[in-house]
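Take a look at the structure below.
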Amino acid sequence: MENTELMELITKVIPYGTVSQGSQYPEVIVPAGKLHDAAEQLRNLEGQPFDYLINMTAADFTDKFTVYYHMESTQAHNLVVLKADIADRDNAVVETVSDIWVTAEFFEREVFDLFGIRFKNHPDLRRLFLEDDYGFPLRKDFKDEVNIIELPN
Amino acid sequence: MSKDVIKNIIVKDDEDYIINMGPQHPSTHGVLRLEVCLNGEIVKYVIPHIGYIHRGIEKMCEADTYKQIIHLTDRMDYLSAHMNNEAVCLAVENALQVEVPERVQYIRAILDELNRLASHQLWWSAFGMDLGALTTFFYGLRDREKILAIFEESFGSRLLHSFNTPGGLMHDVHPNFQKHILEFVKYFRKKLPDYKNLLTDNVIFHNRTKGVGVMSPETAIAFGVTGPSGRGSGFACDVRKVAPYGVYDQLDFKQVLYSEGDSFARYQVRMDEMEESLNLLEQLVAKMPSEGDFTAKMKPIIKLPEGEYYERVETARGELGVFIVSKGEKYPYRMRFRSPNFSNLFVLNTLSKGLKIADLVAISGSLDLVLPDIDR
Amino acid sequence: MILDIYSFSTLTGAIDKGLNSAMAPWLATLLEFVIVGVVFLIFYALLGLFLVYLERKVCAVIQNRIGPNRVGKWGLLQTIADLIKLLMKELIPIKNADGFLFNLAPFIVIIASFMAIAALPFAKGLQAMDFNIGIFYVMAVSSLGVIGILLAGWSSNSKYSLIGAMRSGAQIISYELSVGLSLLSIVILSGSMQLSTIVQSQADGWWIFKGHILAFISFVIFLIASTAETNRGPFDLAEAESELTAGFHTEYSGIKFAFFFLAEYMNMFIVAAIGATLFLGGWMPLHIGHWQEFNNIMDYIPSVVWFFGKTFFVIYLIMWFKWTFPRLRIDQLLNLEWKYLLPLSLINTVLIAFIALMGWYF
Amino acid sequence: MNSVFKYFADIVSGVRSLCAGMRVTGKYFLSPGEIVTEQYPENRATLKMEDRFKGEVIMTHDENNQHNCNGCGICELNCPNGAIEIITKKEADETGKLVRSIDKHVYHLSMCTFCELCIKSCPSNALEWGQNFEHAVFDRSKLTKVLNQPGSTIKKKEAKS
Amino acid sequence: MSSESLVLFFVLALVLVGGAIVFSSLVAPRSFNHEKFEPYECGIPTEGPTWIQFSVGYYLFAIIYLVFDVETVFLFPWADVMKAVGMRAFIEIVVFFFILGLGLLYAWKKGALKWV
């Protein structure tokens with residue numbers, strides 16, 4: 001299936017999202033509140049359900065967080081990226097998709113560990129790598145005077 | 001379809017008989033801690049605890065140039081160091097739309113396969129040891145030594161050879177490179193029957209692995225279990241076939257798929273992949289241009305255009321993804337590695353539930369986990 | 001036909017006579033006891049060290065390695081160095097462990113193997129105790145060891161040890177049956193439980209040859225079952241290091257650990273010696289039918305060489321198993337015994353009884 | 001009857017597979033020529049590392065105790081781990097002008113990951129790989145090395161022609 | 001030697017183990033460290049009691065074993081005199097083995113040989 005066709009199909013099921021051709025793969029940008037619904041729509045997309053969540057991660061843009069979901073359909077081998085912005089950095093909450101892809105449970109734990117984004121309805125939201133009182137190291141404003149030696153640029 | 005969702009079920013009880021396997025345990029290859037709940041010999045649930053060697057590679061990448069990132073990726077999955085390098089290089093090259101010389105692509109593919117072979121050999125050794133056949137460890141390492149000697153000759157180091165650089169390679173390969181590879185292929189073909197007699201055909205080995213830790217294709221997809229572990233369940237996830245990179249679309253090889261999904265199927269996938277890799281090596285050496293540049297022209301300071309880039313390669317353990325968010329600077333704004341072992345590890349609970357503690361060892365061995373890759 | 005030049009009875013007899021003529025009988029008996037005791041103690045310790053060394057060398061060569069080669073010529077003193085090291089190691093008392101049982105366990109395993117070794121016929125005329133129920137005695141005493149293992153595992157207050165001990169308990173008692181039944185078949189054939197009589201009955205040929213294929217099957221069953229009895233690979237579930245770190249002796253340190261180690265190797269020697277005595281003719285030389293010349297040449301080889309040659313052959317077989325096979329799982333281990341070995345050995349025993357009755361053996 | 005047959009067939013095939021395994025180990029047991037162990041400290045004399053072997057970073061000095069390093073600091077910039085520190089000094093050359101030159105090229109072997117970026121990026125080819133691999137020392141501070149030999153000077157450039 | 005010397009061997013084994021342990025505890029160094037005396041569980045403190053009611057699987061086999069082992073004890077005297085007594089002994093033992101085999105078959109079919 002061509003990318004344009006796929007994008008049309010996605011636009012049909014996710015009318016509230018912005019579907020565009022990213023630098024490599026089709027991108028779907030949805031509001032953070034609609035993330036779970038959009039994910040479910042993609043997971044059950046007609047003809048080519050995106051059943052394989054390759055990757056889930058986030059990035060800190062100092063004024064907002066963006067969460068990324070890379071998913072592939074194992075039938076058509078198309079890859080799409082689902083994105084959502086979380087504006088509230090101090091109290092970042094987004095709904096979990098671990099009920100759709102079980103692997104997201106662990107990706108979300110990692111994102112929570114490193115960014116401090118909370119996932120609503122997550123079955124077991126604990127820190128994955130770090131201690132409970134450690135900061136959220138992948139936030140851009142994270143400072144650790146003890147352990148990190150800044151290199152002169 | 002979403003009604004029969006696969007879940008990771010853990011039911012805790014106050015009277016659980018908890019036993020910790022790891023972080024210092026002979027069968028967790030690395031510092032993995034498994035919190036195992038037992039009922040006699042039967043496993044009730046397994047909770048993996050990771051993070052003992054979390055080095056924050058993703059954070060470190062944010063302060064490194066793209067050339068400097070390469071040497072960090074070696075240290076994630078140290079057994080497929082070359083593939084990790086290649087993933088970053090491919091991401092950078094694709095973002096910059098650099099045409100990499102053909103010779104480089106062939107050399108990279110050769111190194112991929114050599115690295116895959118070395119990794120599978122080590123896995124075979126360690127898997128035998130997990131099951132109590134200590135001799136396999138020495139035979140596997142003996143043969144792996146030959147590959148490491150080839151690496152050492154060309155790159156100067158045996159395990160962590162940061163040999164790739166965005167745009168090409170650090171050096172040209174050693175003049176004896178092709179000759180030694182062909183010698184190795186011949187040598188290893190002769191040794192494979194030993195592997196078969198020692199483990200593959202062994203009746204005890206069959207009993208220990210057949211029907212143990214059966215993973216359905218749905219489970220594999222839902223957990224994102226890729227690589228040989230996923231292909232043992234019939235999940236066609238070989239990135240070399242699904243989304244070919246380098247010269248893989250010009251090569252004749254097949255994706256090894258087994259449908260049983262048990263530990264023995266995962267074992268068989270890797271054994272078949274070893275032979276497949278040997279075939280590939282012969283093809284690659286024959287097709288490889290004997291002359292040519294070893295690197296494309298690159299600017300001394302590499303700056304990726306603003307945007308998001310995602311690149312996938314097939315490592316010895318599954319699909320490695322490199323995700324770069326660039327803001328047009330010489331450092332990546334956000335770098336993310338989707339490591340195959342991360343997803344492969346967490347299926348352990350589902351697979352080993354209701355089986356015996358010895359099976360847990362067999363399953364974790366058959367998943368072929370490398371801990372530094374999980375923790376990053 | 002057997003030459004008596006190598007018989008140890010002349011030597012022991014002479015010592016006995018000399019002592020008795022020199023002093024009062026009770027003193028002579030006491031002195032004999034002490035001599036025998038000291039000789040056995042030294043023999044036991046040296047044999048243990050040598051077996052450890054042998055195992056290391058055998059597995060090294062199998063695995064394309066050299067093995068110990070630093071201490072002494074070909075590393076011969078390596079195990080002695082290890083022993084000294086283990087003697088110098090701290091004995092760590094484990095918190096909340098059952099102290100008395102914890103310390104008792106190494107005594108029991110050593111006593112079991114030490115008492116069993118006393119009844120073995122090492123050579124013509126060299127047997128400390130020749131019971132008329134010899135086999136029975138050895139079986140009974142050597143199975144005491146399992147109590148030591150169970151105590152060690154239970155008292156350690158470690159979960160790994162506990163599981164290891166439980167496994168080993170289930171394993172050893174199960175395989176006791178097959179060992180018993182396969183030994184029984186030789187008792188049927190030779191009509192005696194006395195080890196010296198059994199050896200004498202093989203003067204014209206070893207039971208493994210005289211008893212047709214049935215005796216051979218019996219030998220194979222004995223070999224498998226006794227490997228399991230001694231907790232060696234592929235049946236080393238009690239100390240399966242990939243699952244239970246070190247199993248029942250996880251918490252033992254220093255010399256106490258060394259005793260478990262020693263007992264394991266001595267048990268291996270005992271079962272190998274029993275196998276050699278019952279199936280391979282003990283210290284009897286190899287005799288083939290009516291080849292008078294050949295038999296005479298064989299007679300010139302001392303009986304003690306025959307005994308140790310055969311025993312070490314069996315020991316080598318057991319080591320060969322260990323360094324080749326993957327470990328079994330607990331349920332498979334018990335399946336193998338109860339569903340394969342036990343029925344087979346039951347049938348085998350009946351058949352052997354039949355051929356013994358009919359006199360259909362050589 | 002079929003299951004009884006299968007029972008015995010299982011035994012036979014099982015024993016056969018075990019024998020196949022034992023044949024492999026037995027074969028190696030009987031061929032000590034296959035032993036691959038390297039006797040390391042004894043074979044020091046014959047042990048030769050590959051030409052490209054990455055043992056440590058060294059600075060090449062010619063017979064006049066001269067090296068190529070002019071202290072530009074590019075290697076320091078390129079090192080991902082901060083394993084290189086360049087300490088420069090100002091020195092008057094023959095015309096009396098103050099010229100920056102290298103005082104100490106400090107190399108922390110303990111932080112080096114052998115990524116080769118310093119060697120590749122050096123514009124004057126002053127650095128290269130040394131073959132020494134016996135780095136074990138009792139004190140970590142001994143792993144910090146000064147690469148330019150004492151009293152060494154910078155090699156004069158050939159007259160530009 | 002007579003069977004009284006069994007006591008000798010018993011005492012010798014005691015001396016061997018006891019002597020070595022006493023010697024070792026005299027020469028071995030001692031150091032005190034709170035963590036050191038913990039039971040080993042891969043570096044993590046144990047949770048919950050170690051000594052609990054354990055799985056019945058192991059004991060089932062012990063019970064079956066008891067039945068069989070007592071019978072094996074009877075078999076040895078029989079084996080000793082089998083050739084002397086002749087056919088009668090053989091027939092009797094065949095009947096005995098048959099019953100024994102039935103017992104094993106019963107346990108097998110009953111599922112007692114299956115691991116739980």
Side-chain angles (χ1 to χ4, degrees), chain B residues 60-61 63-65 67-75 85 128 133-136 138-139 141-143 145-146 149-165 169-174 176 191 193-207 295 300-301, chain D residues 9-29 31 33-38 47-58 74-84 111-123 128-133:
Chain B
M60 279 152 85
C61 287
D64 278 350
T65 64
K67 277 188 180 174
Q68 289 176 338
I69 284 169
I70 303 288
H71 89 110
L72 288 174
T73 59
D74 271 345
R75 284 148 180 89
N85 291 345
L134 294 158
T135 304
T136 63
F138 294 90
Y139 291 171
L141 286 191
R142 177 194 66 199
D143 299 338
E145 197 70 9
K146 309 270 176 198
I150 296 175
F151 285 161
E152 192 181 346
E153 186 188 39
S154 271
F155 324 137
S157 45
R158 296 153 72 80
L159 196 64
L160 307 171
H161 34 79
S162 317
F163 194 58
N164 280 329
T165 186
L169 307 168
M170 280 283 194
H171 299 284
D172 206 345
V173 288
H174 196 271
N176 286 338
K191 293 288 180 196
D194 281 359
Y195 285 39
K196 187 167 143 59
N197 285 332
L198 210 52
L199 271 192
T200 316
D201 285 350
N202 192 302
V203 62
I204 301 174
F205 180 72
H206 282 191
N207 280 328
T295 179
I301 291 174
Chain D
D10 277 355
I11 292 177
V12 171
S13 70
V15 168
R16 187 176 294 155
S17 80
L18 294 181
C19 287
M22 285 175 70
R23 217 164 39 233
V24 174
T25 43
K27 185 181 80 190
Y28 285 114
F29 182 73
S31 50
E34 298 257 358
I35 287 177
V36 290
T37 312
E38 294 216 8
L47 187 69
K48 192 177 169 312
M49 305 312 288
E50 305 285 346
D51 295 338
R52 298 182 176 187
F53 179 72
K54 295 175 179 172
E56 58 180 338
V57 176
I58 54 168
I74 288 182
C75 51
E76 189 181 3
L77 263 180
N78 265 296
C79 182
N81 311 304
I84 294 175
M111 287 200 258
C112 181
T113 53
F114 306 94
C115 64
E116 214 179 340
L117 285 175
C118 50
I119 295 172
K120 289 295 278 186
S121 65
C122 182
E128 66 174 36
W129 287 120
Q131 251 80 34
N132 178 26
F133 59 90

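In the text below, chain A, chain B and the rest are named by the order of the sequence lines, each starting its count at 1.
Interface check for chain D: of the options B/F138, B/F163, B/F155, the most heavy-atom pairs under 4.5 Å are formed by B/F155. Ranked by heavy-atom pairs under 4.5 Å with chain B, the list D/D51, D/V15, D/V24 is led by D/V24. With chain D as the partner, the residue from B/E145, B/H206, B/H161, B/R75 showing the most heavy-atom pairs under 4.5 Å is B/R75.
Of the two parts of B/R158, neither the backbone nor the side chain holds a non-hydrogen atom closer than 4.5 Å to a non-hydrogen atom of chain D. Neither the backbone nor the side chain of B/F205 comes within contact range of chain D, judged by heavy atoms closer than 4.5 Å.
Using a cut-off of 4.0 Å between Lys/Arg side-chain N and Asp/Glu carboxylate O, B/D143 and B/K191 are scored as not salt-bridged.
D/E56 meets the side chain to side chain contact (heavy atoms under 4.5 Å, CB included) test with D/I58, D/Y107, D/L109, D/N132, D/H135, D/K145; sequence neighbours excluded. With sequence neighbours left out, B/S154 forms a side chain to side chain contact (heavy atoms under 4.5 Å, CB included) with B/V173, B/H174, B/F177, D/R52.
The distance between the ring centers of D/Y28 and B/Y139 falls below 6.0 angstrom.
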Side chain to side chain contact (heavy atoms under 4.5 Å, CB included) between B/I204 and D/L18: does it pass, once the steps are laid out?
-> CA-CA 8 Å; B/I204 301 174; D/L18 294 181; 4.0 Å; yes
